[in-house]
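Everything on this sheet refers to the single structure shown next.
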Amino acid sequence: MTAYAAPIVCIGGLNVDRKLKLLAHALPGSSNPCESHETPGGVVRNVAENLARLGLPVSLVAAVGDDAGGRMLLEQAASVGIDLRAIIRLRRHASDSYTAVLAPDGSLELGLAAMPLVESLNPWALGASRALRAGAALIVADGNLPTDAWPLLLGEASASGVPLVCVAVSEAKMERLPERLAGMHLLILNAGELACVAPEPLGAFAALHARGVARILVSKGAEGLLLSEPGHAPRHWPAPDVPIVDVTGAGDALSAGVCAALLRDAADFDAAARLGLDLAALTLQTEDSVHPELTSDFLLKR
């Protein structure tokens with residue numbers, strides 16, 4: 001652990017994930033039988049848990065309510081080794097939640113995000129964790145953050161040189177990213193989120209690079225990953241072929257694997273892509289948002 005004394009600081013969504021898996025094709029306007037499964041969730045929280053289970057030092061900056069869901073979230077995060085000293089606890093508030101309605105094959109039919117607390121992560125609130133970010137080895141922020149948080153994080157990254165990785169969370173929240181993105185070391189997103197920038201990938205890559213993003217990593221599901229860097233043709237890595245139990249959390253595992261590799265070498269995107277794909281493939285094979293049997297051995301074997 002001494003090689004990783006500085007933490008990875010993860011900033012963004014912390015919520016209860018509720019997964020409802022349909023037992024048959026959905027009938028609109030009717031009651032549909034399903035299976036129910038509840039786990040801790042939130043994009044950056046999932047990233048943080050993956051990293052902690054890999055044996056890496058992780059600190060979480062997020063907001064939580066004082067309800068039963070919030071207590072569950074904090075207890076579970078502490079149990080896997082996530083540093084919670086920068087958590088903002090809001091009294092008389094329900095914790096954020098995300099409900100995923102899954103098709104019988106595990107694919108997402110509908111996602112419902114009730115996440116007002118993440119809006120509290122504005123520049124004033126983030127001021128309390130400034131010293132933590134200044135001492136970080138890597139900062140990971142998700143697209144749940146309010147728009148006014150980004151200039152602060154981007155400015156700090158530009159001034160300090162600490163790599164800033166942004167993980168997109170949905171097409172609807174792509175508009176939260178400001179026009180100027182100078183200081184962003186890497187943007188991780190899927191094909192749908194990329195299409196919110198421009199209809200064609202090459203045009204979207206060009207637009208994001210013009211806005212200041214240094215590198216863009218796009219997940220295309222079973223088709224693998226694309227990496228765009230200014231002045232270079234996009235690179236491609238194929239995805240492993242594995243049986244899919246549940247897609248929820250696979251993208252977050254991908255991001256965690258990428259970040260774990262970048263902690264070793266912030267310029268080695270080949271290693272980052274391969275580790276991210278391997279961790280995503282593992283997560284596709286469990287109902288949990290983070291694979292419950294993930295340990296530091298996963299890194300040692302790669």
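Values in this document were obtained by computation on a predicted structure and should not be read as measured data.
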Nearest heavy-atom neighbours spanning [X] and [Y]:
X    : Y    : answer
L108 : A100 : CD1-CB, 3.8 Å
V47  : C10  : CG1-SG, 4.5 Å
T39  : S289 : OG1-OG, 3.3 Å
L254 : S219 : CD2-CB, 3.7 Å
H236 : G224 : NE2-CA, 4.3 Å
L226 : P234 : CD2-CB, 4.4 Å

Would you find a donor on one side and an acceptor on the other, under 3.5 Å apart, between the side chain of [X] and the backbone of [Y]?
X    : Y    : value
T286 : L282 : no
D67  : S95  : yes
S129 : L132 : no
R211 : E179 : yes

Does any part of the side chain of [Y], heavy atoms only, come nearer than 4.5 Å to the side chain of [X], both counted from C-beta?
X    : Y    : answer
F269 : L217 : no
I139 : V165 : no
K19  : V101 : no
E156 : R130 : yes
V16  : D96  : no

Are [X] and [Y] connected, step by step, through hydrophobic side chains (Ile, Leu, Val, Met, Phe, Trp, Tyr) whose heavy atoms are closer than 4.5 Å?
X    : Y    : answer
I82  : V290 : no
L279 : L299 : yes
L181 : I188 : no

- Query: Ion pair present between E119 and R176, side-chain N to carboxylate O less than 4.0 angstrom?
  - Reply: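 R176 and E119: salt-bridged.
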- Is the shortest side-chain N to carboxylate O distance from R235 to D270 below 4.0 Å?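 Salt bridge between R235 and D270, a charged N being under 4.0 Å from a carboxylate O: yes.
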- Message: side-chain contact (heavy atoms from CB on, under 4.5 Å) for L275 and F298? Distances and angles first, verdict last.
- Response: CA-CA 9 Å; L275 185 59; F298 188 87; 3.7 Å; yes
- Task: Any chance you could lay out the side-chain contact (heavy atoms from CB on, under 4.5 Å) test for V9 and V140, step after step, and finish with the verdict?
- Result: CA-CA 6 Å; V9 176; V140 187; over 6 Å; no
- Task: Give the intermediate values and the outcome of side-chain contact (heavy atoms from CB on, under 4.5 Å) for residues V218 and L225.
- Result: CA-CA 6 Å; V218 182; L225 293 180; over 6 Å; no
Name the atoms and distances for all side-chain donor-acceptor pairs under 3.5 Å in residues 53-65, with sequence neighbours left out.
{"residue": "R53", "atom": "NE", "partner": "E49", "partner atom": "OE2", "Å": "2.7"}
{"residue": "R53", "atom": "NH1", "partner": "P292", "partner atom": "O", "Å": "3.2"}
{"residue": "R53", "atom": "NH2", "partner": "E49", "partner atom": "OE2", "Å": "3.1"}
{"residue": "S59", "atom": "OG", "partner": "D83", "partner atom": "OD2", "Å": "3.0"}

- Message: Under the salt bridge (charged side-chain N to carboxylate O under 4.0 Å, His left out) definition, can you give me all pairs with a residue in residues 27-38, not counting sequence neighbours?
- Response: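 Every salt bridge (charged side-chain N to carboxylate O under 4.0 Å, His left out) pair that includes a residue of residues 27-38, provided the two are not neighbours, is R18-E38.
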- Kindly determine whether L177 and C166 satisfy side-chain contact (heavy atoms from CB on, under 4.5 Å), including the steps that lead there. CA-CA 10 Å; L177 293 176; C166 170; 4.0 Å; yes
- Message: Could you tell me if N190 and K220 have a donor-acceptor pair between their side chains, going purely by distance under 3.5 Å?
- Response: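 On atom types as modelled, these side chains do not qualify, holding no pair under 3.5 Å.
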- Item | Distance-only donor-acceptor check, side chains R71 and Q76, under 3.5 Å |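 The answer is no; no qualifying pair exists.
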